[in-house]
Amino acid sequence: MQNRRKNERLIGAMGKHFPRTHAVAAGAASFALALVLFISPPEVEAKRTALPVTLSHAEVSTAESTRAPETETAETTSVMEGLRVVQETVRNGDTLSDLFQRAGVSSSEMYQLLSSGKEAKQLAKLVPGEELTFQIDGEGSLQTLELHRDRLSKVEFSRDNSDEYKYALHTREAERYTAFRQAEINSSLFVDGTKAGLSNNLIMEMADIFGSDIDFALDIRKGDKFSVVFDEEFIDGEKIGNGAIQAVSFTNQGKTFSAVRYIDRNGDVNYYTPDGKSMRKAFIRTPVDIGRISSHFNPRRLHPIFKTRRPHNGTDYAAPRGTPVYSAGDGRVVKAGYTKANGNYVFIQHGERYITRYLHLHKRHVKRGQRVKQRQVIGTVGATGYATGPHLHYEFLVDGRHRNPATIVRKLPKAKAVASSEMDRFLAQTQPLLAQLQRFEQPALAQNNEEKDSVN
Ligand SMILES: [Zn+2]
């Protein structure tokens with residue numbers, strides 16, 4: 001929920017206008033951009049999507065002919081092969097007893113079911129919105145209870161011949177279809193993206209992919225355009241969410257950037273240019289999303305506590321205590337501990353040449369020797385050690401020398417390209433996706449696709 005509110009605020013901010021003057025827009029915009037680039041992955045959206053509360057009985061029962069009417073209410077009842085079928089939706093504050101009572105099943109049957117095995121314990125942890133389907137015989141005895149946690153899984157307890165409940169878990173996979181959307185930007189990325197049928201998460205995912213080439217807060221112009229191929233997930237012909245972006249191109253001020261998704265041999269997923277270069281920088285610009293620079297890198301600074309000339313070897317970001325601190329790049333934690341001066345600190349080695357240091361942390365979330373990914377949370381902002389208030393002191397070392405963290409990242413290379421030994425595999429996986437993107441981009445074909453899409 002927190003995220004959603006953040007998204008909406010962001011969309012409000014981003015949706016308004018093209019920047020009139022860069023100077024004025026820059027502060028707010030770069031803050032907004034930080035949010036744009038790093039909000040929840042698409043899976044989260046699929047989970048958040050409001051799902052209709054009722055499953056059709058045809059799907060969950062053995063009788064093909066019975067199909068309950070679709071309804072938004074908590075309960076439906078129907079009769080099937082002499083069994084009464086009652087469907088209950090878990091409401092806020094419901095206990096299992098409440099649900100059994102509403103279904104007309106005795107509490108002694110409920111206790112029998114609950115004591116039937118460890119799997120039955122999950123019935124004690126229901127979440128509002130989940131569904132229970134009771135099949136009850138003529139004597140009011142529970143024959144089958146199904147718990148629908150979500151559209152993709154169903155837990156079933158059924159009474160067998162010896163009057164015991166048997167447990168079974170049924171899972172399904174969503175069907176995936178390729179979808180294509182394209183748009184030209186007339187008012188803003190969000191307005192035109194939404195008009196073209198992209199979800200907010202997909203728009204942000206796209207901004208994230210191109211984030212190191214295009215500044216979405218400042219660079220976007222009227223006439224820019226994009227096209228994107230992504231997966232849509234369906235259950236029983238109904239859309240339940242979006243999968244990942246597979247291939248995408250963005251034309252910004254006349255220059256076209258393309259990116260394609262690739263799952264490498266280790267199972268890592270990243271976006272690359274069509275010739276296998278990484279879309280992302282080896283290091284993110286700032287290790288915190290919120291906060292402002294409160295003290296710059298300055299080799300000849302007067303220290304605020306000691307009042308002596310001491311070099312300030314890093315950049316300070318003032319941010320509220322508890323603000324997540326990210327690893328600036330992939331790497332390994334070489335030190336993590338506490339000293340009187342540094343407070344809680346984490347040092348990370350990135351490849352042979354680079355080290356980043358994070359000081360005065362409130363909490364440390366990583367241990368020495370641990371591998372970390374770019375943007376992994378390694379701790380939180382605090383004021384431990386010699387600190388006048390909550391801030392992150394951030395250092396960047398190249399070949400053992402302190403460099404200005406605020407400017408060095410722009411000068412560094414991008415993240416690793418696809419290894420030449422893996423290039424054949426990369427091309428085999430990604431060229432069909434790019435071909436698909438190009439095929440869709442031709443207007444006549446794009447139109448056909450839209451007709452096909454109207455199925456949902
Ligand atoms: Zn500092």
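Bear in mind the structure is a predicted one, so any value in this text is a computation, not a measurement.
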Undergrad: Look up atom CG in L147 and atom CD in Q122, then write down how far apart they are to the nearest 0.5 Å.
TA: 6.0 Å
Undergrad: Does the H391 side chain pair with the main chain of D316, one donor and one acceptor, at a distance under 3.5 Å?
TA: no
Undergrad: Any non-hydrogen side-chain atom of Y167 less than 4.5 Å from a side-chain atom of E156?
TA: no
Undergrad: Are H296 and T315 linked by a side-chain donor-acceptor pair shorter than 3.5 Å?
TA: no
Undergrad: Do R357 and E395 sit within salt-bridge range, that is, some charged N less than 4.0 Å from a carboxylate O?
TA: yes
Undergrad: Compare every heavy atom of S327 with every heavy atom of K373, then report the nearest pair and how far apart it is.
TA: O-CB, 3.7 Å
Undergrad: Do you see a donor-acceptor pair shorter than 3.5 Å between the side chains of Q374 and R280?
TA: yes
Undergrad: With a 4.5 Å cut-off on side-chain heavy atoms, are V409 and I284 touching?
TA: no
Undergrad: Using 0.5 Å steps for rounding, measure from the CD atom of E119 to the CG atom of L169.
TA: 9.5 Å
Undergrad: I'd like to know if the side chain of N342 reaches the main chain of Y345, judged simply by a donor and an acceptor atom lying under 3.5 Å from each other, with no hydrogens or angles considered.
TA: no
Undergrad: State whether the number of non-hydrogen atoms from other residues, nucleotides or ligands found under 6.0 Å of D424 atom CG is greater than 12.
TA: no
Undergrad: Is it true that K222 and D192 make a salt bridge, defined as a side-chain N closer than 4.0 Å to a carboxylate O?
TA: no
Undergrad: State the NZ-CG distance between K411 and N404, to the nearest 0.5 angstrom.
TA: 7.5 Å
Undergrad: Taking the six-membered ring of Y326 (Phe, Tyr or Trp), confirm whether the NZ or CZ of R375 is under 6.0 Å from its centre and within 45° of its axis.
TA: yes
Undergrad: To the nearest 0.5 Å, tell me how far I214 CD1 sits from I209 CD1.
TA: 11.0 Å
Undergrad: Assess, by modelled atom type and distance only, whether the side chains of Q253 and D219 contain a donor and an acceptor separated by less than 3.5 Å.
TA: no
Undergrad: Which heavy atom in I245 sits nearest to a heavy atom in R261, and how many Å separate them?
TA: O-CD, 3.2 Å
Undergrad: Tell me the closest heavy-atom pair linking R176 and D231, and the distance in Å.
TA: NH1-OD2, 3.4 Å
Undergrad: Does the side chain of Q438 come within less than 4.5 Å of F440's, by heavy atoms?
TA: no
Undergrad: Before giving the answer on side-chain contact (heavy atoms from CB on, under 4.5 Å), spell out for F190 and I203 the whole-Å C-alpha distance, their side-chain angles and the decisive distance to 0.1 Å.
TA: CA-CA 7 Å; F190 275 100; I203 294 170; 3.6 Å; yes
Undergrad: Just checking, is any N or O donor in the side chain of Y358 or T356 under 3.5 Å from an acceptor N or O on the other one?
TA: yes
Undergrad: Show your working on ring pair (Phe, Tyr, Trp, His ring centres under 6.0 Å) between F283 and Y354 and close with a plain yes or no.
TA: CA-CA 10 Å; F283 297 95; Y354 308 109; 5.3 Å; yes
Undergrad: If we ignore hydrogens and angles and just use 3.5 Å, is the side chain of E130 paired with the main-chain N or O of V127 as donor and acceptor?
TA: yes
Undergrad: For the residue pair F426 and Y272, categorise the inter-ring angle as parallel (less than 30°), tilted (30 to 60°) or perpendicular (more than 60°).
TA: perpendicular
Undergrad: Are more than 12 heavy atoms from other residues, nucleotides or ligands located less than 6.0 Å from atom NZ of K416?
TA: no
Undergrad: Can a donor-acceptor pair be found between the side chains of H148 and T133 at a distance below 3.5 Å?
TA: yes
Undergrad: With a 6.0 Å cut-off (strictly less than), is the heavy-atom count around CZ of R401, excluding the residue itself, greater than 12?
TA: no
Undergrad: Will you find, in the side chains of T251 and T256, an N or O donor that is under 3.5 Å from an N or O acceptor?
TA: yes
Undergrad: Which pair of heavy atoms, one from P274 and one from S258, lies closest together, and at what distance?
TA: CD-O, 3.6 Å
Undergrad: Between L359 and L392, does a side-chain contact (heavy atoms from CB on, under 4.5 Å) hold up when you go through it step by step?
TA: CA-CA 6 Å; L359 271 55; L392 173 72; 5.9 Å; no
Undergrad: Counting C-beta onward and ignoring hydrogens, is there a side-chain heavy-atom pair between V366 and V377 closer than 4.5 Å?
TA: no
Undergrad: Does the side chain of I348 come within less than 4.5 Å of V372's, by heavy atoms?
TA: yes
Undergrad: Heavy-atom count around K414 NZ within 6.0 Å, excluding the residue itself: above 12?
TA: yes
Undergrad: If we only count heavy atoms from C-beta on, is the T430 to Q246 side-chain gap below 4.5 Å?
TA: no
Undergrad: What's the separation between atom CG in N186 and atom NZ in K195, rounded to the nearest 0.5 Å?
TA: 6.5 Å
Undergrad: Mark yes or no for whether D150, through its side chain, and S153, through its backbone, hold a donor-acceptor pair below 3.5 Å.
TA: yes
Undergrad: Among R364, H360, H362, find the one that has a side-chain contact (heavy atoms from CB on, under 4.5 Å) with N344.
TA: R364
Undergrad: Are L152 and I235 packed together at the side-chain level, in the sense that at least one heavy-atom pair is separated by less than 4.5 angstrom?
TA: yes
Undergrad: Going by distance alone, is a donor N or O of one side chain under 3.5 Å from an acceptor N or O of the other, for N252 and D224?
TA: yes
Undergrad: Using only heavy-atom distances, determine whether the side chains of H312 and N298 contain a donor-acceptor pair under 3.5 Å.
TA: no
Undergrad: State, without any angle test, whether Y262 and E422 hold a side-chain donor-acceptor pair at a distance under 3.5 Å.
TA: yes
Undergrad: So, for A196 and R181, which heavy atoms are closest and what is the spacing to 0.1 Å?
TA: O-CD, 2.8 Å
Undergrad: If we count only N and O atoms by modelled type, under 3.5 Å, do the side chains of N201 and S199 hold a donor and an acceptor together?
TA: no
Undergrad: Do side-chain atoms of S187 reach the backbone of V191 as a donor and acceptor pair under 3.5 angstrom?
TA: no
Undergrad: So Y394 and Y317, would you call those rings parallel, tilted or perpendicular, with 30° and 60° as cut-offs?
TA: tilted
Undergrad: Between Q431 (side chain only) and A428 (backbone N and O only), is there a donor and an acceptor less than 3.5 Å apart?
TA: no
Undergrad: Donor-acceptor pair, Q349 side chain versus E352 backbone, under 3.5 Å?
TA: yes
Undergrad: Does the separation of the ring centres of F226 and F210 fall below 6.0 angstrom?
TA: no
Undergrad: Answer yes if the side chains of E205 and Y271 hold a donor-acceptor pair under 3.5 Å, and no otherwise.
TA: yes
Undergrad: To the closest 0.5 Å, what do you measure between CG (N313) and NE2 (H402)?
TA: 4.0 Å
Undergrad: Search all heavy atoms of A406 against all heavy atoms of I293 and return the closest pair with its distance.
TA: CB-CD1, 4.4 Å
Undergrad: Would you sort out whether V333 and V346 count as a side-chain contact (heavy atoms from CB on, under 4.5 Å), showing the intermediate values?
TA: CA-CA 7 Å; V333 178; V346 172; 4.2 Å; yes
Undergrad: Applying side-chain contact (heavy atoms from CB on, under 4.5 Å) to V398 and I408, what does each step give before you reach the verdict?
TA: CA-CA 9 Å; V398 182; I408 186 71; 4.2 Å; yes
Undergrad: Can E441 and S227 be counted as having a side-chain donor-acceptor contact under 3.5 angstrom?
TA: yes
Undergrad: For L361, is there any backbone N or O sitting under 3.5 Å from a side-chain donor or acceptor partner on T384?
TA: yes
Undergrad: Would you mind reporting whether V381 and R321 have side-chain heavy atoms less than 4.5 Å apart?
TA: no
Undergrad: Less than 6.0 angstrom separating the ring centers of Y177 and F234, yes or no?
TA: yes
